[in-house]
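Taking it in order: structure first as structure tokens, then the write-up.
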Protein chains: 2
Amino acid sequence: AAAAVGVSKIYGHGDTAVHALDEIDASFQSGRFTAIMGPSGSGKSTLMHCLAGLDTVSHGSILVGDTDLSTLSERELTLLRRDRIGFVFQSFNLVPTLTAMENITLPMDLAGRTPDQAWVDEVINTVGLDDRTSHRPNELSGGQQQRVAVSRALASQPEIVFADEPTGNLDSTTGAEILEFMRRAVREMDQTIVMVTHDPNAASYADRVVFLNDGKIVDEMFEPTP
Amino acid sequence: AAAAVGVSKIYGHGDTAVHALDEIDASFQSGRFTAIMGPSGSGKSTLMHCLAGLDTVSHGSILVGDTDLSTLSERELTLLRRDRIGFVFQSFNLVPTLTAMENITLPMDLAGRTPDQAWVDEVINTVGLDDRTSHRPNELSGGQQQRVAVSRALASQPEIVFADEPTGNLDSTTGAEILEFMRRAVREMDQTIVMVTHDPNAASYADRVVFLNDGKIVDEMFEPTP
Ligand SMILES: Nc1ncnc2c1ncn2[C@@H]1O[C@H](COP(=O)(O)OP(=O)(O)OP(=O)(O)O)[C@@H](O)[C@H]1O
Ligand SMILES: Nc1ncnc2c1ncn2[C@@H]1O[C@H](COP(=O)(O)OP(=O)(O)OP(=O)(O)O)[C@@H](O)[C@H]1O
Ligand SMILES: [Mg+2]
Ligand SMILES: [Mg+2]
């Protein structure tokens with residue numbers, strides 16, 4: 001579903017250059033749940049942002065489906081992100097003036113698509129936000145905001161969901177419900193999910209775990225157990 | 001060091017009123033490391049913000065040391081927060097235009113106090129930010145931003161540190177280093193720390209754990225083990 005081919009991402013120049021990504025080759029299979037783990041600062045969010053076309057690479061290529069992102073215009077890239085990709089940001093990135101429900105359906109509203117309301121309601125119910133949908137982000141707890149961000153990415157059933165630490169602000173019960181829901185979406189609806197996590201228990205829900213360190217892939221594991 | 005006496009915090013009115021805190025009695029002993037746990041939405045951040053004078057209560061009193069916060073003017077409250085309290089926010093709240101180092105020393109700079117540079121350097125070294133101090137927040141990873149927020153609260157050695165989920169964005173190794181450092185500050189320097197966490201392993205570093213549910217204290221545990 002997505003791949004990084006010889007990808008490097010370098011900030012700055014000369015002695016102070018930061019190699020956030022260092023010649024990464026990584027592929028993420030359709031209909032699979034892949035986890036990405038690694039120390040803080042190892043390049044996980046950078047990799048996710050490059051894969052989703054939110055950031056450019058310094059070297060190498062990014063493929064989403066058969067599309068090489070470097071062949072797209074700004075406009076085409078915006079459409080790809082809106083129509084084919086769901087992204088759960090590490091810092092949520094909710095629209096402060098919209099309610100939880102409006103935030104959740106925003107990508108579809110922008111695309112002029114009608115939400116599958118039954119599915120949207122199932123997502124909201126599963127993450128436990130039923131009685132919070134008309135609240136705005138500043139009236140929600142940190143974990144509730146995170147659940148709005150997760151719901152937004154899942155509600156439109158995009159080709160691929162990138163989730164950057166989707167359970168970091170959640171108690172274990174709520175987190176488990178979301179992880180279980182994501183795994184069901186992968187198994188039963190062929191959803192493709194790529195999830196960054198620091199939590200080995202969260203990674204155990206995935207089919208495969210890729211390990212990053214200092215901008216490089218250093219290991220991978222299939223059928224992980226916590 | 002701090003206490004909530006008969007504290008309620010109610011948002012809205014009538015049928016749609018949200019009792020974020022419901023007649024809470026809680027005290028947090030000086031020189032101790034207390035953890036607060038509970039489900040997402042149970043009132044942990046609300047309790048912390050009320051204890052630190054960042055938010056008002058609907059009923060009851062908040063005491064910091066011997067000071068009843070309701071007796072303070074806006075000006076006195078601002079000074080108390082600046083001089084006696086350190087706060088690690090769940091959403092970090094860093095100043096985007098300042099570097100990591102400037103963010104870390106900001107409370108002391110505002111107070112016109114000279115930082116204990118050896119201590120500040122020890123904090124920065126322990127959390128692993130040595131080579132990131134001149135970067136601004138948008139040039140830092142999520143976990144690095146969290147570590148700047150943690151450092152800011154610890155650097156001024158305030159009377160009491162409130163930390164709202166300080167390790168949520170960190171890998172287990174980095175998180176353990178910060179928790180160990182906090183425990184050392186409590187043991188060796190009599191620092192008072194109140195920490196919200198979803199992670200039972202993080203809570204195990206504390207001397208006592210208080211459990212919240214639906215805005216009430218429902219349980220507590222001394223000398224927790226994970
Ligand atoms: N302005 C507001 N209006 C209405 N409800 C609010 C408002 N602010 C907070 N709440 C509600 O108060 C409750 C407690 O919120 P709080 O942020 O204290 O939870 P928390 O325990 O910190 O959760 P988390 O673990 O998700 O961070 C939540 O259900 C939240 O939706
Ligand atoms: N604009 C920038 N300029 C310089 N360095 C940067 C910039 N943006 C990111 N970095 C650095 O790139 C590295 C990788 O960042 P990234 O956000 O991908 O890490 P991460 O693995 O997601 O970490 P975390 O687990 O803490 O979220 C970090 O060391 C960060 O400081
Ligand atoms: Mg990150
Ligand atoms: Mg909270």
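Quick note: numbers below take in every heavy atom, side chains included, and nothing from hydrogens, waters or symmetry partners. Computed from a predicted structure; not experimentally measured. Labels below follow one simple rule: chain letters A, B, ... track the order of the sequence lines, proteins then strands, and each chain is numbered from 1.
Of all the listed residues (A:G168, A:S45, A:S91), the one sharing the greatest number of non-hydrogen pairs under 4.5 Å with chain B is A:G168. Between chain B and the residues A:S40, A:G38, A:P39, the largest count of heavy-atom pairs under 4.5 Å involves A:S40. For chain A, the option among B:V18, B:D131, B:N169, B:D164 with the highest count of heavy-atom pairs below 4.5 Å is B:N169.
Residues A:H135 and B:Y11 place their aromatic rings such that the two centres sit no closer than 6.0 Å.
Remark: B:E220 pairs with B:R208 by the salt bridge (Lys or Arg N to Asp or Glu O under 4.0 Å) rule, at least two apart or across chains.
More than 12 heavy atoms of other residues, nucleotides or ligands shown are found within 6.0 angstrom of CG on A:D121. Atom CZ of A:R82 is surrounded by more than 12 heavy atoms from other residues, nucleotides or ligands within 6.0 Å.
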**Asked** How far apart are the C-alpha atoms of B:K9 and B:E23, what are their side-chain angles, what is the distance that settles it, and do they pass the salt bridge (Lys or Arg N to Asp or Glu O under 4.0 Å) test?
**Response** CA-CA 8 Å; B:K9 177 73 179 176; B:E23 305 205 1; over 6 Å; no
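Only the side chain of A:E165 comes within less than 4.5 Å of a heavy atom of chain B; its backbone N, CA, C and O stay farther away. Looking at A:S141, only its side chain comes within 4.5 Å of chain B, counting heavy atoms on both sides.
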